[in-house]
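Take a look at the structure below.
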Amino acid sequence: TLVRMCLSMFKCPYVNGKSYLMADLEEPCFEGRHVYYLFAITLPQLILLTIIPAAVLLFLRRNKKHLDTPRFRIRYGLLYRGYVEDREWWEVTVAFRKVAAVVIGTFSFILALPELQVSLSIFIGMISIIVHLLGQPFGDPNGPSRILHYMELFSLVVIWCVNWCGLMLYVTRNKSPALTLVISLFLITLVGTYIGVVSYNFCKTYVRSVLQRRKERRSIIQMAGATNGGESEKGNRSVKVVPQNYVANPNERNELKNWG
């Protein structure tokens, strides 16, 4: 969102051979007030948005030995939790991927051709899939985090297919209604399947987590009850009530000593 808002100052479509700001089509681009705001606001924001991922990467590398400490994990765990060792910085690659998608959408007026814009999106999607398969940020695909690995891969494949289907629909518009119907049905089925799989895995993981917490809580209660019961029984064995002013015979004195 921040990148999209920042780059919106560069979104200047051409009207009658002259570029105007998309947010205000009465404002000409790259002259007058527009240039002033570009250097005063947009350029510093771009520099800051470029520094933030680099700073996060440097911060995680310098504090690598503290990543598993509870205090550090509570404060900064959002940046790296879920990724395996030596892949704590993977969120930076995800950020750059999102920035690339926003840049392609923002500078579409420079690309001029929608086919070129979608082709670049398909290229970025293909590179993201390859990087994900090679990097394996969630560990071994057959390991305990295989669900995260395959869900991330599935989402990237869906994004790639959506871009490809959009390109096919644009190229074959008003030419082949049957092909348009087939591509549309394929796209709807693919997205619907993705939503269903994501919902199923989320519900399954949530229910399993709730049952696990309930089982742990029951085990703690049972252990506490067993401990208290043992202490009560021990206390009952070590206490004997004797009436006041009671005079015991020698045998009872020995018995009282043994109880004491």
Side-chain angles (χ1 to χ4, degrees), residues 1-15 19-23 25 29-30 38 42-43 45-50 52-54 56-57 83 87 89-138 141 148-177 179-198:
T1 302
L2 293 175
V3 176
R4 185 182 297 109
M5 292 178 60
C6 181
L7 295 179
S8 63
M9 288 291 291
F10 293 97
K11 200 165 187 177
C12 301
Y14 284 94
V15 179
S19 61
Y20 291 89
L21 187 64
M22 176 63 76
L25 293 177
C29 288
F30 308 111
L38 280 179
T42 304
L43 186 60
Q45 288 179 345
L46 285 176
I47 296 174
L48 181 62
L49 292 175
T50 305
I52 289 177
V56 170
L57 179 60
Y83 301 115
R87 293 292 186 272
W89 45 266
W90 195 261
E91 195 66 27
V92 176
T93 65
V94 177
F96 279 117
R97 185 176 68 204
K98 295 178 179 179
V99 169
V102 173
V103 168
I104 293 175
T106 301
F107 294 99
S108 58
F109 68 96
I110 297 178
L111 301 175
L113 296 176
E115 297 91 334
L116 180 58
Q117 182 182 1
V118 179
S119 298
L120 287 176
S121 300
I122 292 174
F123 176 75
I124 295 297
M126 182 183 65
I127 294 298
S128 300
I129 292 174
I130 295 174
V131 170
H132 175 75
L133 292 175
L134 295 178
Q136 297 182 0
F138 303 107
L148 294 176
H149 173 81
Y150 287 110
M151 290 308 301
E152 180 73 8
L153 178 61
F154 193 10
S155 65
L156 294 174
V157 172
V158 169
I159 293 173
W160 188 91
C161 290
V162 168
N163 287 321
W164 180 83
C165 290
L167 179 60
M168 291 298 101
L169 291 174
Y170 180 81
V171 172
T172 62
R173 63 187 186 281
N174 302 326
K175 293 181 180 179
S176 178
L179 182 60
T180 300
L181 178 61
V182 171
I183 294 176
S184 300
L185 291 177
F186 169 75
L187 187 59
I188 293 172
T189 303
L190 180 65
V191 175
T193 302
Y194 174 74
I195 295 174
V197 171
V198 169

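Numbers here simply count residues along the sequence, with the first being 1. Not measured: the values here are computed from a predicted model.
Counting only distance, with no hydrogens or angles, the side chain of His149 and the backbone of His132 share no donor-acceptor pair below 3.5 Å. Between the side chain of Arg87 and the backbone N or O of Gln136, no donor-acceptor pair lies under 3.5 Å.
Of the inter-residue distances, the one linking Thr180 atom OG1 with Leu185 atom CG reads 11.0 Å to the nearest 0.5 angstrom. To the nearest 0.5 angstrom, Phe96 atom CZ is 7.5 Å from Thr50 atom OG1. Remark: Thr42 OG1 to Gln45 CD distance equals 6.0 Å, nearest 0.5 Å. Note: Ser128 OG to Glu152 CD = 9.0 Å, rounded to the nearest 0.5 Å. Here Ser19 contributes atom OG and Phe30 contributes atom CZ; the two are 5.5 Å apart, rounded to the nearest 0.5 Å. The CD1 atom of Ile129 sits 7.5 Å away from atom CG of Leu133, with the distance rounded to the nearest 0.5 Å.
None of Val118, Thr172, Ile183 except one satisfies the side-chain contact (heavy atoms from CB on, under 4.5 Å) rule with Leu167; the exception is Val118. Checking each of Asn163, Ile159, Leu116 against Ser121 for a side-chain contact (heavy atoms from CB on, under 4.5 Å) leaves exactly one that passes, namely Asn163.
Between Ile104 and Phe123, the closest side-chain pair of non-hydrogen atoms is not below 4.5 Å. Residues Trp90 and Val131 have side chains in contact (heavy-atom distance under 4.5 Å, counting atoms from C-beta outward). Side-chain contact between Tyr194 and Val157 is absent, with no heavy atoms from C-beta onward closer than 4.5 Å. With contacts defined as side-chain heavy-atom distances shorter than 4.5 Å, the pair Leu190/Phe154 qualifies.
The shortest heavy-atom contact between Tyr83 and Val94 is OH-CG2, 4.3 Å. Shortest non-hydrogen contact noted between Cys165 and Phe186 is SG-CD2, 3.7 Å. Nearest heavy-atom pair across Cys29 and Leu21 is SG-N, 3.2 Å.
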Run Leu38 and Leu43 through side-chain contact (heavy atoms from CB on, under 4.5 Å) and show every step you take. CA-CA 6 Å; Leu38 280 179; Leu43 186 60; over 6 Å; no
Please test Leu156 against Arg97 for side-chain contact (heavy atoms from CB on, under 4.5 Å), starting from the C-alpha separation and ending with a verdict. CA-CA 11 Å; Leu156 294 174; Arg97 185 176 68 204; 3.5 Å; yes
